[in-house]
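Report on the structure given below.
Note that this is a predicted model, so its numbers are computed, not measured. Atoms considered below: every heavy atom in the structure, side chains included; atoms not considered: hydrogens, waters and symmetry mates.
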Amino acid sequence: MTDLSVGKRLARLRDIRDLTQEQLADRAGVSVDTIRRLEQGAQRGARIAMYQKLAGALDIELARLLGQSTMTRSLAPDGGVIALRAAIQAPSDLPGLDLCGADSDVPGPDDLRPVMEQAQRHYRLGQFTDLVGMLPGLVTDLKAATHEAEGGPDHDTVWSMSAAAHIIVADVAAQLGQTDLAYTAVERAMHATARASDELRHALAVSALSLVLLRQGRWSDAQQVATRRAAEIEPRFSDRSPEKFAMFGILLLSGAVSAARANRDESDSTKDDALTFLRQAEAAAALSGPVRVRGTAFGPASVGMQATTVQVSLGHPDKALATASGVNVDELPWKISRARHRLDLAFARYQTHDDEGARDVLLTLDEEHPEWLTHQVLAASTVGGLLEAGRRRDRDLRKLAVRLGVDPAA
């Protein structure tokens with residue numbers, strides 16, 4: 001149903017479930033008027049949290065309601081999503097099913113390190129086709145390497161690399177709408193961090209888990225796992241460890257975004273939680289400064305970027321734009337982080353009726369990160385809203401709508 005608008009898709013799914021608009025509104029905890037407006041094509045003011053309530057009421061994945069693409073832009077020469085699933089969910093990993101024979105050519109850390117670096121480059125550029133093409137082989141090689149390194153001098157190094165690879169798998173699978181696969185990958189990552197005794201990598205795996213739960217619409221669980229782990233690793237001021245403060249801050253940011261998404265029934269408590277976590281993360285960034293740790297980055301710019309996301313999620317586009325104005329985008333180390341920030345700005349501009357500004361940002365993102373943009377729910381929602389707002393004759397926007405699975409005639 002990717003050729004339909006969100007409103008048409010909602011109406012069709014509601015019919016499949018044999019629900020009236022009133023019954024769906026009651027199950028989702030939203031007004032009947034909200035259902036009517038969406039089915040008639042009105043999207044301005046709609047937030048992802050509201051779409052998630054509707055998806056939950058229909059007992060479907062959010063990706064299906066929004067028509068999110070679960071395929072990569074192009075076919076990978078080798079590997080791919082199906083191969084990645086086979087590597088992550090291999091029967092041989094289950095207890096009592098050791099189906100693998102001995103491998104005489106097991107790669108070591110020196111062989112795996114350049115492959116890991118290449119995977120990280122693809123990830124930071126949003127090159128999903130190239131990434132899922134190489135991840136199945138990397139995961140399989142790491143499985144053999146961890147077995148070979150058991151008890152030896154490379155034990156911790158190889159297990160830590162395995163954790164890093166599985167965190168990347170979890171993140172990209174979640175963005176592809178493959179949340180069950182992403183959850184399995186997080187399980188593998190957390191197991192690997194325990195074997196490596198890598199507390200910092202474990203914190204990063206918990207942050208990835210929070211993201212996966214967020215993608216599944218499990219706001220409270222996402223907030224709880226992130227903030228509980230943050231409380232467990234909270235560093236003392238005397239520690240003077242930028243890396244520890246960075247991981248503490250990363251978990252707080254995950255909690256803040258989750259709390260903002262929860263925002264049930266305009267609850268002041270969830271808003272307060274989100275803003276409290278942001279303030280704590282800001283304090284952590286002041287102590288850590290810009291720092292790179294375990295393949296990720298943290299600092300004042302990261303906090304500002306996520307603060308913008310929080311204000312968007314809370315439905316405060318004016319505050320989002322004001323917050324974004326104070327973010328030093330050049331301090332965001334990865335291109336994909338800057339793209340994510342600009343996508344939030346596009347949505348905030350659309351929400352404040354700056355349709356031209358929103359359009360320009362989206363088309364620029366499509367030029368620079370076409371594959372990544374295809375899998376961003378917020379992009380599809382914004383483009384759909386712009387078309388509904390009267391830009392149906394905009395040829396470039398209509399082309400983008402088709403690529404994002406949005407009905408340009410909606």
Side-chain angles (χ1 to χ4, degrees), residues 116 120 123-124 142 155-174 182-215 218-259 273-274 276-303 305-307 309-310 332-334 337:
M116 273 296 307
Q120 289 169 335
Y123 172 70
R124 292 165 186 166
L142 280 165
H155 178 277
D156 288 357
T157 299
V158 174
W159 274 109
S160 188
M161 292 174 71
S162 177
H166 282 88
I167 288 171
I168 292 175
V169 172
D171 199 326
V172 71
Y183 193 95
T184 303
V186 170
E187 286 185 302
R188 300 281 190 272
M190 296 183 79
H191 172 71
T193 61
R195 297 303 305 274
S197 300
D198 191 340
E199 183 182 56
L200 293 177
R201 186 86 69 186
H202 182 269
L204 191 59
V206 173
S207 179
L209 172 60
S210 181
L211 169 68
V212 173
L213 293 170
L214 196 68
R215 288 276 179 158
R218 298 163 63 181
W219 320 121
S220 295
D221 288 343
Q223 176 184 335
Q224 185 178 45
V225 298
T227 55
R228 178 178 292 179
R229 187 58 182 151
E232 292 170 350
I233 69 166
E234 182 175 2
R236 299 176 181 177
F237 179 77
S238 58
D239 284 343
R240 299 186 181 279
S241 169
E243 291 187 341
K244 288 183 178 180
F245 280 110
M247 283 302 177
F248 175 61
I250 287 170
L251 288 167
L252 288 170
L253 291 178
S254 295
V257 173
S258 302
D273 286 345
T276 296
F277 297 145
L278 277 178
R279 286 192 292 269
Q280 292 173 335
E282 186 176 9
L287 292 168
S288 73
V291 59
R292 300 190 184 191
V293 51
R294 297 298 190 272
T296 190
F298 179 75
S302 302
V303 176
M305 180 186 77
Q306 295 289 38
T309 299
V310 165
L332 295 172
W334 321 133
S337 300

Practice item. Taking the side chain as every heavy atom from C-beta outward, state whether Met247 and Thr296 have any pair of such atoms under 4.5 Å apart. Key: yes
Check your understanding: With distance as the sole test, does Thr193 use its side chain to make a donor-acceptor pair with the main-chain N or O of Met190 at under 3.5 Å?
Key -> yes
Practice item. For side-chain contact (heavy atoms from CB on, under 4.5 Å), just list the numbers for Leu213 and Trp219, CA-CA rounded to whole Å, side-chain angles, deciding distance to a tenth of an Å, and then say yes or no. Key: CA-CA 7 Å; Leu213 293 170; Trp219 320 121; over 6 Å; no
Exercise for review: Taking all heavy atoms of Ala281 and all of Leu253, pick out the closest pair and write down the distance.
Suggested key: CB-CD2, 3.7 Å
Check your understanding: Is there side-chain contact between His202 and Arg229, with at least one heavy-atom pair below 4.5 Å?
Key -> yes
Practice item. Could you grab the distance from atom CD1 of Ile168 to atom CE of Met116, nearest 0.5 Å is fine? Key: 4.5 Å
Review point. Which value, rounded to the nearest 0.5 Å, describes the distance between Gln120 atom CD and Trp334 atom CH2?
Key: 8.0 Å
**Study point:** Sub-4.5 Å side-chain heavy-atom contact between Phe237 and Leu287
**Key:** yes
Check your understanding: Does the side chain of Asp198 reach to within under 4.5 Å of the side chain of Arg294, using non-hydrogen atoms?
Key -> yes
Check your understanding: Would you call Arg279-Glu282 a salt bridge at under 4.0 Å N-O?
Key -> no
Review point. Shortest non-hydrogen contact from Met305 to Ser337?
Key: SD-O, 3.4 Å
Review point. Distance-only, no hydrogens or angles: does the Ser160 side chain make a donor-acceptor pair with backbone N or O of Asp156 under 3.5 Å?
Key: no
Review point. side-chain contact (heavy atoms from CB on, under 4.5 Å) between Leu278 and Leu252: does it pass, once the steps are laid out?
Key: CA-CA 7 Å; Leu278 277 178; Leu252 288 170; over 6 Å; no
Check your understanding: Is there side-chain contact between Phe245 and Val291, with heavy atoms separated by less than 4.5 Å?
Key -> no
Review point. How far apart are the closest heavy atoms of Gly255 and Thr227, and which atoms are they?
Key: CA-CG2, 3.9 Å
Review point. How long is the span from the CZ atom in Phe298 to the CD atom in Gln306, to the nearest 0.5 Å?
Key: 10.0 Å
Revision key, fill the gap. Minimal heavy-atom distance between Ser302 and Leu332, with the atoms involved, is N-CD2, 3.9 Å
**Study point:** Partners meeting side chain to side chain contact (heavy atoms under 4.5 Å, CB included) with Ser207 (sequence neighbours left out)
**Key:** Ile250, Leu251, Ser254
Review point. Any side-chain heavy atom of Asp221 sitting closer than 4.5 Å to one from Leu214?
Key: no
Practice item. Search all heavy atoms of Val169 against all heavy atoms of Ala185 and return the closest pair with its distance. Key: CG1-CB, 3.7 Å
Exercise for review: Quick one: pull up OG in Ser288 and CD in Glu243 and give me the separation to the nearest 0.5 Å.
Suggested key: 10.5 Å
Review point. Val212 and Ala170: which non-hydrogen atoms are nearest, and at how many Å?
Key: CG2-O, 4.3 Å
Check your understanding: Do the side chains of Trp159 and Arg201 get nearer than 4.5 Å, heavy atoms only?
Key -> no
Practice item. Decide yes or no for Pro235 and Ser241: does some side-chain heavy atom of the first lie under 4.5 Å from some side-chain heavy atom of the second? Key: no
